[in-house]
Amino acid sequence: MDMMLTRWKIMFISVAINLAAISLSPSLYASDMELQASVTVPEYQGAYSGELLWEGIVTMAGDVLILEGGTLTVRAGTQINIVPAEGTKIDPEYLSSQTELLIRGKLDIQGTPDLPVRFVIVETSATEEIAWSGIALDKAAESRIRYVELERADIAVRCVTSSPEIKGNRIANCRYGIVAQQKSHPKILENILLDGEGGIFCWRGSNPYLLNNQITGHDEEAVFVDETSRPWLEHNMISGNTIGLALYPRDLPFDPESVTDNSENVRWLGRQGQVGVE
Amino acid sequence: MRWWCLLMIVMPLFGPISASAGESQVYKGEQTLFEDTVWSGDILIDGILTVATGTTLEIRPGSRVRFTRFDSNGDGIGEHEIFSQGTIRVLGTEDDPVLFTSAEETPRPGDWGAINMMVSEEENLLGHCIVEYGYRGFHAHFSRAKLLNSTFRKNMRGAQFQESQVVIDGCRFLDNNNGVQFRDSKVTLQGSTISGSHWGLRCVYSDLEMTACVIENNLVNGVNIRDGKIHARGNRIVGNRRGLYLQRSEGRVVSNDLSGNSEHGIFLEDSNGEVIDNRLIGNGRAGVRWLNSKGRLTRNMITDNGVYGLINDGTSAVDARSNWWGTAKSGDIDASIRDGLDRPELGLVDSRDALVQSLPFNLLETP
C-alpha cells in the first residue's frame with residue numbers, strides 16, 4: 001500500500017513539474033509546435049467544388065484543382081506543405097506533371113505582412129531544385145494572392161485568361177516568377193521576385209499592372225513583354241538581373257531610373273542579340 | 001433453374017432498352033454487347049456500355065451517339081462511356097460524320113468518359129467522326145487504332161493512349177484542355193492539326209513519325225517529346241509557348257516551320273538532334289535553346305528571334321555550321337548567339353560557314 005502511494009505521489013509530482021515547466025519555460029512555442037505536429041495535418045488532393053478553407057497547417061499531397069464555381073480560401077498564417085510529385089503523369093484536367101494548385105474557380109489567399117501564407121516543400125532525397133509546378137489560374141474567377149512566401153516552383157503564379165490581384169508576395173528561386181498569358185491582366189503589386197530564371201512574362205495580349213515590385217537576381221529577363229502585350233510599369237525596382245526589361249513594344253513607357261544595375265538594362269526584342277537603341 | 005428462366009434474366013444485358021424507328025436506342029446502366037452490332041441513327045448511352053472481346057460494334061454514317069452526365073464523386077468528370085475489348089469501326093463520311101457528344105443541355109468538357117479501348121488489338125477505326133465534351137475523347141491501352149479525318153474538340157483531352165499503335169491522319173484536335181498524350185506507343189501523325197490546348201502533343205517513351213501537321217496556339221508546349229524518338233518533317237509548329245521540346249530524346253527535325261512561339265522554336269535538353277532546313281523565325285526568347293545535347297544544327301533560317309537566335313545553355317559545344325542568321329556580318333552573327341564567349345561556364349557554338357542568304361523553304365502541304 002505504501003509502495004502504491006509512493007508511486008502515485010511520484011506520478012503526481014512528475015506531472016506537476018512538467019506542467020510548471022510548460023507554463024514557465026520559454027520553450028512554450030516549441031511545445032505547441034510538437035503538440036500540433038502530433039495532431040493529424042489535413043491532406044488535400046484532387047478536385048474540389050464548393051467552399052474550401054485552409055488554415056493552420058495543411059498538406060497538398062498531390063494536385064489540387066478548384067473547379068469552376070468553387071472557392072479556396074487560405075487564412076493568414078497558414079502553412080501549406082507541398083509533397084512533390086513522382087513520375088511524369090498528367091491527368092487530362094491538370095497542366096503539369098509536378099504538384100500543382102490549379103484554380104478554375106476562385107482563390108483567396110489572405111496572408112498579411114505579419115502572418116504570411118507559406119508554401120513549404122516536403123523534401124525527400126529525390127526532390128529536384130524545381131520541386132513543384134506552382135499556382136495556376138485558368139479562366140479563374142476574381143482572385144487574390146496576398147503575402148505568400150513561395151519558392152522553387154516552375155511558375156510561381158501562372159495566369160491564363162485570369163486577372164487576380166497578386167500583392168506583397170515573396171517569390172524566390174522559381175524558374176519563372178509570374179506569367180500572364182492569353183489576355184490576363186493581373187494587378188502585380190509590391191512583390192519581391194528574386195533569383196529565378198525569369199521574373200515576369202507578359203504574353204499573348206496580356207496587360208498587367210506592375211506597381212512597386214522589386215525584381216532582382218534573375219539569370220535571364222526580369223520583365224519580358226511580347227509584341228501583343230502592354231503592361232503598365234510604375235515605380236518598380238529592377239536591378240541585378242541579366243536583362244532588366246526585354247521589350248518588343250518600342251513605345252512602352254517606363255522609368256529608366258527604376259531599371260538600373262542589370263547586365264543589360266533594356267533589350268529591344270526581335271533582333272536576336274543586336275543590342276542598341278532603336 | 002431452367003435455361004429459359006436464365007435467358008429471361010440475362011436478355012436485357014445484351015441489347016438496348018428501346019430501339020424503335022425514329023427514337024433513340026438507349027443503353028442504360030452497365031450493359032455488354034456480346035454479338036456484333038450495327039448502330040445508325042440516335043443512340044443514348046446512359047451508363048457504361050462494354051463491347052466484349054471478339055465483338056464488333058459498327059457505327060454507320062450520320063449516327064449521333066450521346067452520353068448522359070453522371071459524376072459519382074463530384075470531381076467534375078462524367079463516367080458514362082463506351083468501353084471496348086472488341087473492335088469499334090466508326091464509318092462516318094465527309095457529308096455524314098458520326099457525332100459523339102454530351103446529352104446535356106449545356107454541355108461542357110468532361111461530361112462523359114471516353115471511347116475507351118482496352119486490349120483491343122484488331123484494327124479499330126474512327127473515320128469521319130466528331131468527338132466532343134468527353135474526358136478523353138479517344139482512350140486506349142494495348143490497342144491498335146486508326147483515327148482518320150475526325151475532329152476532337154472541347155474534350156478535357158482529345159486523345160490519350162498507352163502501349164498502343166495508332167495512326168492519326170487528317171484529324172483536328174481543337175480547343176481541348178490538352179490535345180494528344182501518349183506513352184510507350186508507336187504513332188504516325190500526319191496532315192493533322194492540334195490547336196488551342198494547354199499541351200499540344202505530349203509523349204513519353206514513344207516513337208513518333210510526324211508529317212505535314214499544324215501545331216499552333218497551344219499554351220504550354222506545341223510538341224513535347226520525353227525519353228522518345230521523333231521524326232518531324234514539313235510541320236508548322238507556330239504560336240505556342242514553346243514549339244518543339246525534346247527531353248532526353250532523339251529527333252530528326254527537317255523542313256519544319258518553328259516560328260512565332262513565345263519562348264523557343266526548338267529546345268533540346270539532354271537530347272540528340274539533327275535539326276536541318278527549318279525556319280526558326282520570330283520566336284520570343286530564342287530560335288533554338290540547346291542544353292547538353294548532341295547532334296547538329298544546319299541549313300536553318302534563324303532570324304528575327306527575340307533575345308537570341310541560339311542559346312547554348314550547356315557545357316558541351318554546339319555544331320551550328322552553315323545556317324542563315326539574317327546577316328552575313330560575323331559580328332552580328334556572334335551577337336545572335338549566346339555561348340561560352342558570353343558566359344565562360346558554357347560551351348561554345350561553332351557557327352562557321354554561315355550562309356550569305358536564306359535558302360528556299362518548301363513546307364509540305366499542311367491542313
Side-chain angles (χ1 to χ4, degrees), chain A residues 46-50 65-70 87-97 102 104-105 136 138-139 154-155 158 160-161 176 179 181-182 197-198 201-204 206 219-221 224-229 242-243 246-248 263-264 267-276, chain B residues 73-77 108-110 114 134-137 139 155-158 160 176-178 181 183 198-199 202 204-205 217 219-220 226-227 239 241 260 262-263 282-287 302-311 313 325-327 329 331-338 342-343:
Chain A
Y48 295 88
S49 56
L65 166 59
I66 304 301
L67 294 164
E68 187 180 349
T88 60
K89 186 179 171 188
I90 306 175
D91 282 330
E93 62 271 42
Y94 291 99
L95 305 181
S96 173
S97 58
L102 175 57
R104 295 204 166 100
D138 181 21
K139 300 187 184 78
D154 184 46
I155 303 175
R158 178 178 175 221
V160 179
T161 320
Y176 306 84
V179 168
Q181 64 183 135
Q182 214 68 7
E197 178 184 314
F201 289 80
C202 309
W203 285 326
R204 310 280 166 190
S206 294
D219 286 339
E220 305 286 350
E221 310 91 338
F224 182 105
V225 182
D226 77 2
E227 309 175 275
T228 62
S229 298
T242 298
I243 297 176
L247 306 176
Y248 269 99
S263 302
E264 193 178 331
R267 168 74 68 94
W268 300 111
L269 299 176
R271 302 171 58 186
Q272 54 182 47
Q274 295 172 49
V275 184
Chain B
N73 59 0
D75 65 355
I77 308 299
R108 59 187 189 205
Y135 181 55
R136 302 175 176 108
H139 187 214
N155 303 283
M156 278 289 178
R157 181 168 284 145
Q160 177 176 335
N176 300 287
N177 186 54
N178 289 304
Q181 178 166 313
R183 64 186 303 146
H198 283 272
W199 293 82
R202 178 177 184 265
V204 185
Y205 305 122
N217 298 329
L219 297 175
V220 187
R226 183 164 175 162
D227 297 296
R241 184 176 138 201
S262 295
E263 289 206 63
N283 296 287
R285 297 180 79 190
I302 308 173
T303 69
D304 302 307
N305 295 289
V307 189
Y308 291 103
L310 165 62
I311 293 174
D313 265 339
W325 302 92
T327 175
K329 295 179 186 170
D332 289 347
I333 293 171
D334 290 345
S336 71
I337 295 168
R338 191 181 73 192
D342 307 285
R343 295 184 175 185

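Chain letters run A, B, ... following the sequence lines, proteins first and then strands; every chain starts at 1.
Of all the listed residues (B:R183, B:R108, B:R241), the one sharing the greatest number of non-hydrogen pairs under 4.5 Å with chain A is B:R241. Between chain A and the residues B:G331, B:G158, B:G239, the most heavy-atom pairs under 4.5 angstrom are made by B:G239.
Within the 4.5 Å cutoff, no side-chain heavy atoms of B:T303 are placed close to those of A:R271. The shortest distance between side-chain heavy atoms of B:Q160 and A:D91 does not fall below 4.5 Å. Side chains of A:R104 and B:N177 form a contact here, defined as non-hydrogen atoms less than 4.5 Å apart. Looking only at side-chain heavy atoms (C-beta outward), A:Q272 and B:N283 stay at 4.5 Å or farther from each other.
Of the two parts of B:R285, the backbone and the side chain both hold a non-hydrogen atom closer than 4.5 Å to a non-hydrogen atom of chain A. With a 4.5 angstrom heavy-atom cutoff, A:E93 touches chain B via backbone and side-chain atoms both. Of the atoms belonging to A:V160, it is side-chain heavy atoms, and not backbone ones, that fall under 4.5 Å from chain B. Using a 4.5 Å cut-off between heavy atoms, A:D138 contacts chain B through its side chain alone, with no backbone atom that close. Both the backbone and the side chain of B:I302 come within less than 4.5 Å of a heavy atom in chain A. With a 4.5 Å cut-off on non-hydrogen atoms, A:I155 touches chain B through its side chain but not through its backbone.
Taking the ring pair (Phe, Tyr, Trp, His ring centres under 6.0 Å) definition, one finds that A:Y176 meets it with A:F201, sequence neighbours left out. Every side chain to side chain contact (heavy atoms under 4.5 Å, CB included) that A:A136 has, sequence neighbours left out, goes to A:L95, A:L102, A:R158.
Taking all atoms of both residues into account, the shortest heavy-atom contact from B:G74 to A:S49 is O-OG, 4.4 Å.
At a cut-off of 3.5 Å, with distance as the only test, no side-chain donor of B:R202 or A:T88 sits close to an acceptor on the other residue. A donor-acceptor pair shorter than 3.5 Å can be found between the side chains of B:S262 and A:R204.
Between atom CG of residue B:D75 and atom CG of residue A:L67 there is a gap of 7.5 Å, rounded to the nearest 0.5 Å.
Both the sub-6.0 Å distance and the 45° axial angle are satisfied by A:R267 relative to the ring of B:Y308.
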